[in-house]
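So the structure is just underneath, and the comments pick up after that.
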Amino acid sequence: LSAEQATTIVDEAGALAEAVAVALDQTETVLLAAATSLEEIGDAMGENIAESIEGIGEISDGLAGFIETVERFIPGD
């Protein structure tokens, strides 16, 4: 192995190390964005589910009131 070849290998290893460092930085950025997105999706789903359940409860109350009104018109009730 000549000095020139060794220098080339060291230079290429240095370039590879820099590329890996950049890739790791980019991976960190993507993972942080994904974590933030997942947290926001979780928050939105929690709020939407709570609102949906509340809405279903209101629909059930309204339907019960409607059925009670209909029952008043049934003879013998």
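- Cluster partners of Ile9, using a side-chain heavy-atom cutoff of under 4.5 Å among ILVMFWY residues and allowing indirect links, are Leu1.
- To the nearest 0.5 Å, atoms CG (Asp43) and CG (Asn48) are separated by 10.5 Å.
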For residues 17-29, please give each side-chain donor-acceptor pair under 3.5 Å, one per line with the distance, not counting sequence neighbours.
unit_1	atom_1	unit_2	atom_2	d
Thr27	OG1	Ala23	O	2.8
Thr29	OG1	Asp25	O	3.1

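- Hydrophobic cluster membership of Ile41, counting Ile, Leu, Val, Met, Phe, Trp and Tyr whose side-chain heavy atoms lie under 4.5 Å apart directly or via other members: Met45.
- Atom CG of Leu63 is separated from atom CD of Glu68 by 10.0 Å, given to the nearest 0.5 angstrom.
- Through ILVMFWY side-chain contacts below 4.5 Å, Leu32 is grouped with nothing and stands alone.
- Under a 4.5 Å side-chain heavy-atom cut-off, the cluster of Ile, Leu, Val, Met, Phe, Trp and Tyr residues that includes Leu38 has no other member.
- Residues that satisfy the side-chain contact (heavy atoms from CB on, under 4.5 Å) test with Ile56, not counting sequence neighbours, are Ser60.
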